[in-house]
**Q** 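The structure under discussion is supplied below as C-alpha cells; questions concerning it will follow.
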Amino acid sequence: MNKLVVIDGNSIIYRAFFALPPLTNSAGLHTNAVYGFTTMLLRLIEEEKPTHMLVAFDAGKATFRHEGYAEYKGGREKTPSELSEQFPLLKELLKAFSIPQYEREGYEADDIIGTLTRMADEKGMSVTVVSGDKDMLQLASEHVTVALTRKGISEVERFNPAHLQEVYGLKPMQIIDLKGLMGDASDNIPGIPGVGEKTALKLLQEYGSVEEVLAQADGIKGKMGEKIREHAEDARLSKKLATIFRDVPDVPAWDELSYSGFKGPTLQAAFRKLEFKSLLEKMDFGSSDAGGAEAEGAAETEALHVVTVDVSSLGELLEALPDIESIHIESVGENPHQAEVLGAAFYLTGEDGAGESRGYYMPIGVLLSEAAAPVRDWLADADRPKAMFDMHKAEVSLAWLGLPLRGVSFDVHLAAYLLDPTESALALDGLAAKYGLPALASDESVFGKGAKFSVPEQAKLAEHLCRKARVIHRLASLMKRDLEQGDMHRLYYDLEQPLSVVLAGMELTGIKVNGDGLRAYGQDLGSKLAGIMQSIYRHAGMEFNINSPRQLGEVLFEKLGLPVWKKTKTGPSTDAEVLEKLAPYHEIVKDILLYRSLAKLQSTYVEGLLKEIHPKTGKVHTYYRQTIAATGRLSSQFPNLQNIPIRLEEGRKIRQVFVPSEPGWFILTADYSQIELRVLAHISGDERLKEAFLNDMDIHTKTAMDVFGVTADQVDANMRRQAKAVNFGIVYGISDYGLSQNLDITRREAAQFIEQYFAVFQGVRKYMDDIVQTARNDGYVTTLLQRRRYLPEITASNFNLRSFAERTAMNTPIQGTAADIIKLAMVQMAQRLQAEGLKSRMLLQVHDELVFEVPPDELEIMKRIVPEVMEQAIELDVPLKVEADYGPTWYDAK
DNA sequence: TATATCACG
DNA sequence: ACGTACGTGATATAT
C-alpha cells in the first residue's frame with residue numbers, strides 16, 4: 001500500500017521555531033527549529049511508514065497571488081535571523097534523511113501540496129499532509145488526511161472530511177469560504193470586518209458559501225448585513241486568495257518521491273554536525289561505521305576488556321604500565337581538598353588500535369598498598385606521559401593522600417574549556433557526544449545525584465571509569481587537532497597546562513588564617529549586630545527577620561509606607577542602591593544598611609571562613625577553577641579568596657587574620673596598576689591613551705583633562721570621579737544607560753560624556769567598532785594570546801541579546817588579555833622561585849594581584865623580582881606597572 | 001532549587 | 001523603541 005507524506009516545510013519550521021526554546025551549536029548557529037523539525041520527521045517516519053515523501057517550500061518573494069493583490073502577506077514581521085539561518089541547515093538535514101524536497105519560483109508550498117494531492121486523488125493514492133496552517137484543511141478528501149500541528153509541534157490532529165465535519169461542521173472546500181468571510185490577519189487577507197470565526201461558521205451553516213451569503217445579503221439584518229454588503233468585494237477577493245492553486249506545472253513525478261528510509265551513518269553524521277546530542281544518544285545508531293572525519297574509533301565495538309586490579313594481581317597492570325596512554329582519577333565531592341578518591345583507571349590501546357584495548361581499574365586502597373609502589377612511581381614520573389581529564393583536581397585530591405602526580409601530557413577538560421570557554425557541560429559524556437565518539441554513560445546515570453548519589457558496586461564502577469579513560473584517550477587526539485586549528489596550542493601547552501600545576505601547588509600550600517583573631521572579630525560583630533537589630537525592631541514597631549527581603553519589604557513599604565523605588569521579579573527591591581535612596585525618609589534605613597553590611601561580614605567572612613580552616617594545617621586551601629570564567633579569568637571556591645573585603649574599613653579588617661604560616665615571615669602583595677586600560681591602550685593602539693601610560697600619568701585625571709578640555713590643576717575630585725566611571729564603562733563595553741546609572745546622571749549627559757571621550761580617544765572608538773565587526777564576521781573574539789570566546793548572539797535580532805554580545809565583544813579581549821598576562825606572570829614566577837631556590841611561596845591570585853609569603857631574609861629580593869617578573873611577563877606597546885607592598889598580615893600589605 | 005543580595009576585580 | 005554596564009562565589013530565604 002503506497003503512502004505519501006507531504007510536509008509544508010515553511011509552516012513546520014516556523015512552528016518549531018516558536019515552539020522550542022533557543023538552542024545553538026558551538027559555532028553559534030541556532031538549531032532549535034531544525035531540531036523540532038527533526039523530531040517531527042522521526043516520529044512521522046515511525047508512525048506513517050511512508051513509501052513516498054516530500055517537503056515543499058515557498059520560493060521567491062512574489063507569487064501569483066501578489067498579482068491580484070499586492071498587499072498579500074503584507075505587514076508581516078521579517079523572519080528573525082535566528083530562524084532564517086536555519087533554512088540551509090534544514091535543507092542539508094533533509095538530504096541526510098534522503099527526503100526529496102521541492103520548491104518552485106512563484107508558488108507557495110500550499111500550491112505544490114495542493115497539486116500533488118489532486119494528482120493523488122485522481123490516482124486514488126493515500127496522502128498525509130503535514131502543516132500548521134488551517135488553510136490546508138481544504139485539501140482533505142477520501143484519500144487525503146491533513147495533519148495539523150497542535151500545541152507547538154509535539155502533537156498533530158488528523159483531519160479527514162468526517163472529522164472536519166465533526167469539528168467545524170464544514171466540508172473541505174468550505175474552508176475557503178470560511179477564510180473568505182473571516183480573513184486572515186497573518187496573510188493580510190481582509191475578509192469582512194467584524195466577522196470572526198464564530199460568525200463565519202454561523203453564516204456558512206445557513207448559506208453554505210461566500211457566493212450564497214453575498215447573494216442573500218439583502219436579507220441579512222442589522223450591522224452585520226450592512227458590513228457584508230459593504231465588503232462583498234473583499235470577501236470575494238479573500239476567498240480567491242485563500243484558494244489553494246492545484247495546478248502547479250512540473251511537480252515531481254510519483255516515482256521521484258519514493259522513500260526507502262534514511263542511512264543511519266549519514267543521518268548520524270548530520271546530527272553530530274548539528275550537535276543534537278540527545279538524539280544521537282536516543283537514536284542508537286548502533287556500532288556500524290558512522291563515517292565522517294570526526295568518527296575516529298567509532299567503528300570500534302563498544303566492548304572493553306576491563307580488569308579490576310587488587311593487591312595479589314598487580315602483574316598484568318605493571319606489565320602494561322609503559323604502554324598506558326590515558327588514566328582517570330575518580331573522586332567524590334566538589335572540593336578536591338576534601339574529596340574522597342575512589343580509584344584510578346588506566347587505559348591501554350592495543351597495537352592495532354582495536355582488538356587489544358584494555359582498561360585496568362585500581363581501587364584507592366590497592367593504590368595505597370605497598371605492592372602498588374611501582375604504580376605510584378609511574379604516576380609521579382614526569383617522563384611517563386598520561387592524558388587525563390581535570391589534572392588539577394586529580395593532583396590536589398591525590399596530594400592529600402601523599403600521592404604526587406606528574407607527567408600529565410594532555411588534559412581534555414582544560415582543552416575543552418579553551419575550545420569553548422562558555423560551554424558549561426564539560427563532562428566526558430557530553431564531550432564524547434560532541435566529538436561523535438561512542439556514547440559514554442553520564443556520571444549521573446552511574447552515581448545518581450543529590451540524595452540518591454551512591455557509589456555503585458565495584459564491577460560497574462570499574463567498567464565506567466575504564467570507559468572514561470578510553471574516551472579521554474580518543475578525545476585527546478581530536479582536541480589537539482582542534483587546538484592547533486584554533487591557533488591555541490601554545491596557549492594550551494605554554495600557559496594553561498603549566499599553570500594548572502602552579503595552581504595546585506598554591507592551593508596545597510594554602511594561606512594561614514588566625515582562627516582566634518577571627519572568632520574575636522566575630523564576637524565584636526555579634527554584639528554590634530545585636531544592638532542594631534534592637535534599634536531596627538524599635539523603629540519598625542515589631543520583630544521580623546531582617547535577612548528576609550520579603551519580610552523587610554513588608555515592613556518598609558507597607559508598615560512604614562516608604563516609596564517603592566524599583567522592583568524585582570518577586571516584589572519591591574530592598575537592595576543597597578534602593579536603601580540609599582530611602583535613607584532620608586526614615587531612620588530605620590541606615591540601620592538596615594549597617595545591619596546588612598555587618599551581617600554579610602559575619603556570615604560569609606567570619607563564620608564561612610572559620611568553617612574552611614583546615615583542622616590539620618590551620619590554613620584555608622582555596623580551589624582555583626581554571627575552566628569557569630568565559631573571559632579566561634580564574635575563579636576561586638571553598639572559600640572564595642578573591643572577594644575578601646577591602647573597600648570599607650570595617651570589612652578590610654578581615655584581612656588582618658590572613659597571616660604568614662611561619663613566624664617572622666611577611667605577606668607581600670603585588671598588583672598591576674590599571675592593567676585593563678593598559679591592555680586597551682595596546683590592543684586599540686590609541687595614541688593618546690598610549691602616551692598617557694608611557695608618561696606614567698594618573699589615567700583618570702588624564703581622561704578628565706582630555707574629556708573636559710582642562711589642565712591638570714583644573715581637574716577637581718568630581719571630574720576625576722566621573723572620568724574614572726567613564727574609563728570603567730569603556731572597559732565594560734560602554735552604554736549611555738549603564739554610565740548614567742553609575743554616575744546618577746541622565747542618559748543624555750552620559751551619552752555626551754561618551755561622545756566627548758570618543759572624540760578624544762579615536763583609536764579606542766575604532767577598536768570598539770572593529771571588534772564588534774570582527775565578532776560578527778568570525779563569530780568569536782580573541783585575546784592577545786589567542787584565547788577565544790564565541791558570541792553567537794552577536795547576530796541576534798533581539799536587541800538585548802545582541803547588545804549584550806556587543807558589549808561582551810568589547811570587554812572580553814580586554815579582561816581576557818589581562819587574565820592571560822597575570823597567568824603568564826604566575827607561571828614565570830613559579831619557575832623563578834624554584835630557579836633561585838627561594839623559600840618564599842606564591843599563595844593567592846586576585847585577578848590583578850599576587851600574594852606571597854616571604855621570609856625576612858628574602859624580603860629584599862622578592863620586592864625586586866616580583867614586580868620585575870610581573871612587569872616583564874609580556875611586552876606591550878605600553879609599560880606594565882606593578883605596585884608591591886608587604887606587612888605582617890594581608891591587611892598591612894597595602 | 002531558585003532568588004535576592006552583596007563581597008571582590 | 002528596545003533597556004544594561006564586564007567577570008565571579010557565598011549566603012540566607014522561600015519554594
Side-chain angles (χ1 to χ4, degrees), chain A residues 334 421-422 449-451 544-553 566-579 592-593 595-609 611-612 622-625 628-648 650-652 654-655 671-676 680 725-743 747 750 754 781 789 796-816 818-819 822 844-849:
Chain A
E334 285 269 284
T422 55
K449 73 164 180 178
F544 64 102
N545 188 342
I546 310 167
N547 291 322
S548 162
R550 217 179 100 188
Q551 293 184 35
L552 178 61
K566 66 175 177 186
K567 287 183 176 168
T568 67
K569 273 184 213 168
T570 54
S573 168
T574 66
D575 69 17
E577 191 196 326
V578 170
L579 295 181
I592 292 167
L593 279 166
Y595 175 89
R596 278 254 179 94
S597 66
L598 299 186
K600 177 85 176 179
L601 293 176
Q602 184 75 299
S603 67
T604 303
Y605 297 102
V606 175
E607 290 162 6
L609 208 50
K611 280 186 215 145
E612 296 290 344
T622 191
Y623 175 40
Y624 287 107
R625 302 289 315 262
I628 297 291
T631 54
R633 275 189 175 184
L634 299 176
S635 84
S636 157
Q637 289 179 319
F638 319 129
N640 181 353
L641 294 182
Q642 292 182 318
N643 70 348
I644 303 301
I646 188 166
R647 292 171 190 171
L648 303 174
E650 185 69 47
R652 188 175 199 156
I654 295 279
R655 294 181 175 227
D671 62 283
Y672 281 110
S673 162
Q674 302 299 347
I675 187 167
E676 291 188 336
L680 174 63
V726 172
N727 279 329
F728 268 92
I730 292 294
V731 169
Y732 291 156
I734 200 152
S735 74
D736 50 14
Y737 186 87
L739 184 64
S740 74
Q741 287 292 297
N742 193 287
L743 285 178
R747 244 178 62 185
I754 295 167
V781 292
R789 179 173 181 180
S797 58
N798 178 309
F799 176 88
N800 275 332
L801 291 178
R802 190 176 64 246
S803 301
F804 189 13
E806 287 169 359
R807 292 195 298 274
T808 309
M810 301 183 223
N811 169 267
T812 293
I814 301 172
Q815 191 182 117
I822 193 164
L844 303 176
Q845 188 252 42
V846 193
H847 307 307
D848 65 355
E849 172 188 12

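Reminder, nothing fancy here: chain letters follow the sequence lines and each chain counts from 1. Note that the structure is a prediction, hence the values are computed from the model and not measured.
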**Q** Could you tell me whether A:Ala630 contacts a base, only the sugar-phosphate backbone, or nothing, with contacts defined as non-hydrogen atoms closer than 4.0 Å?
**A**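 Answer is sugar-phosphate: A:Ala630 comes under 4.0 Å of backbone atoms only.
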**Q** When we call it a touch if two heavy atoms are under 4.0 Å apart, what does A:Gln551 touch: a base, just sugar-phosphate, or nothing?
**A**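 Touches sugar-phosphate only.
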**Q** Need one value for A:Arg789: base, sugar-phosphate or nothing, where a base atom within 4.0 Å counts as base even if backbone is also close, heavy atoms only.
**A**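 Sugar-phosphate: the residue A:Arg789, judged by heavy atoms under 4.0 Å, touches backbone atoms but no base.
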**Q** Hunt down the Watson-Crick or G-U wobble partner of C:dC2, both distances under 3.5 Å, from any strand shown, or write none.
**A**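 Across all strands, not a single nucleotide pairs with C:dC2.
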**Q** Whole angstroms only, please: what is the CG-P distance between A:Asn643 and C:dC6?
**A**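 One finds 19 Å between P of C:dC6 and CG of A:Asn643, rounded.
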**Q** Under 4.0 angstrom, heavy atoms only, what part of the nucleic acid is A:Gln637 near: base, sugar-phosphate, or nothing?
**A**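 The answer is sugar-phosphate, as A:Gln637 gets under 4.0 Å only of primed atoms, P, OP1 or OP2.
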**Q** Students often get this wrong, so: under 4.0 angstrom with heavy atoms, is A:Asn742 touching a base, only sugar-phosphate, or nothing?
**A**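 If one applies the 4.0 Å heavy-atom cut-off, A:Asn742 turns out to touch a base.
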**Q** When all nucleic acid strands are considered with a 4.0 Å heavy-atom cut-off, which category describes A:Asn798: base, sugar-phosphate, or nothing?
**A**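 No contact.
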**Q** Could you say whether the aromatic ring of A:Phe799 and the base of C:dC2 stack, counting only centre distances under 5.5 Å and plane angles under 30°?
**A**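 Stack criterion not met.
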**Q** Can you check the A:Leu609 CG to B:dA7 C1' distance for me, whole Å?
**A**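 Nearest whole value for this atom pair: 13 Å.
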**Q** Looking only at N and O atoms, is any donor in the side chain of A:Ser803 or the base of C:dT4 less than 3.5 Å from an acceptor on the other one?
**A**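 By the distance-only test, no, there is no pair.
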**Q** Could you report the tightest heavy-atom contact between A:Leu552 and A:Ile592, atom names first, then the distance?
**A**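 What the structure gives for the nearest pair is CD1-CD1, 3.5 Å.
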**Q** Where the side chain of A:Phe728 is defined as all heavy atoms beyond and including C-beta, which of C:dT4, C:dA5, B:dT5 is the nearest nucleotide?
**A**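 Closest of the options to the side chain of A:Phe728: C:dA5.
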**Q** Report which part of the nucleic acid A:Ile646 touches: base, sugar-phosphate, or nothing (heavy-atom distance under 4.0 Å, all strands).
**A**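 If one applies the 4.0 Å heavy-atom cut-off, A:Ile646 turns out to touch the sugar-phosphate alone, with no base involved.
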**Q** Under 3.5 Å, is there any donor-acceptor pair linking the side chain of A:Gln642 to the base of B:dC8?
**A**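 A donor-acceptor contact between them is absent.
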**Q** For A:Ile644 and B:dG9, what is the distance between atoms CD1 and C1' respectively, to the nearest whole Å?
**A**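 To the nearest whole Å, that distance equals 13 Å.
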**Q** Answer with base, sugar-phosphate or nothing: what part of the nucleic acid does A:Arg625 contact at a heavy-atom distance below 4.0 Å?
**A**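 No contact.
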**Q** At under 4.0 Å between heavy atoms, what does A:Asn640 touch on the DNA or RNA strands: base, sugar-phosphate, or nothing?
**A**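 Result for A:Asn640 = sugar-phosphate.
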**Q** So if I take every side-chain heavy atom of A:Lys569 and compare against C:dT11, B:dC8, B:dT3, which nucleotide ends up nearest?
**A**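 The closest nucleotide is B:dT3.
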**Q** Whom does B:dA2 pair with, Watson-Crick or G-U wobble, provided both distances fall under 3.5 Å?
**A**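 Across any shown strand, B:dA2 pairs with C:dT13.
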**Q** Base, sugar-phosphate or nothing for A:Leu601? Non-hydrogen atoms, less than 4.0 Å.
**A**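 Result for A:Leu601 = nothing.
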